[in-house]
Amino acid sequence: MNILQWINGNWQLICICFGLLFNMAGLIYNICKSCRSGRMGNAADWIAVIEAARQYEKEAEGFADYSAAEKLQYVLARLRVFTAELGCQFDEERITAQIEADIAFSKAVNAKNAEQLD
């Protein structure tokens, strides 16, 4: 009888504990899933890819006869080789989005510098 009285008196605490256990199990499952899929631990690889992309972007800017699309294809081709050598996955959409963000940032800085010179 004491156990039933304790459960009746502490039912909110018991529900909170079960909720915490359930959430912890889900968290552990998601962490294990992320580790197995290779999403965790590739931050250093992503940083290396971004640094290489910026270097290749600088090289591509030196090609006066190339259009913007050809420069982008040059950078992506170089990055495909780089990621293969690095042993990481080539995510073209993510890399293209980062390159476009770099270009937009560069244009904004150049426009601001041009305004300051005028």
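A quick note: this is a predicted structure, and the numbers were derived from the prediction, not measured. Throughout, numbering of the chain's residues begins at 1 and tracks the sequence.
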Distance (rounded to the nearest 0.5 Å) between [X] [atom1] and [Y] [atom2]:
X   : Y   : atom1 : atom2 : answer
D91 : W46 : CG    : CH2   : 7.0 Å
I50 : R94 : CD1   : CZ    : 7.5 Å
N10 : Q5  : CG    : CD    : 11.5 Å

Please evaluate residues L79 and I99 with respect to the criterion side chain to side chain contact (heavy atoms under 4.5 Å, CB included), reporting the C-alpha separation (whole Å), side-chain torsions for both, the decisive distance (0.1 Å), and the verdict.
CA-CA 11 Å; L79 286 174; I99 291 170; 4.1 Å; yes
Ring pair (Phe, Tyr, Trp, His ring centres under 6.0 Å) pairs, two or more places apart, involving residues 63-102:
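The answer is F63-Y66, F63-Y74.
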Can you hop from I28 to L21 via hydrophobic side chains spaced under 4.5 Å?
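Different clusters: I28 never reaches L21 through Ile, Leu, Val, Met, Phe, Trp or Tyr contacts under 4.5 Å.
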Can you list the residues that meet the side-chain contact (heavy atoms from CB on, under 4.5 Å) rule with E100, with sequence neighbours excluded?
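side-chain contact (heavy atoms from CB on, under 4.5 Å) list for E100, sorted by chain: T96.
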For C88, give me all partners under side-chain contact (heavy atoms from CB on, under 4.5 Å), at least two apart in sequence or on another chain.
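Per chain and number, C88 pairs via side-chain contact (heavy atoms from CB on, under 4.5 Å) with D45, V49, T83, L86.
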Could you check if a side-chain atom of V75 sits within less than 4.5 angstrom of a side-chain atom of I95, using non-hydrogen atoms only?
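Side-chain contact under 4.5 Å: no.
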Looking at residues at least two apart in the chain, or sitting in another chain, which of them share a salt bridge (charged side-chain N to carboxylate O under 4.0 Å, His left out) with D102?
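With sequence neighbours excluded, D102 shows a salt bridge (charged side-chain N to carboxylate O under 4.0 Å, His left out) to R54, given in chain and number order.
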Just grab all the salt bridge (Lys or Arg N to Asp or Glu O under 4.0 Å) pairs involving residues 63-82, residues at least two apart or on different chains.
E59-R78, E61-K71, R80-E92
Under 4.5 Å between side-chain heavy atoms, chaining through other members, with only Ile, Leu, Val, Met, Phe, Trp and Tyr counted: pull out the rest of the cluster around L20, sorted by chain and number.
I16
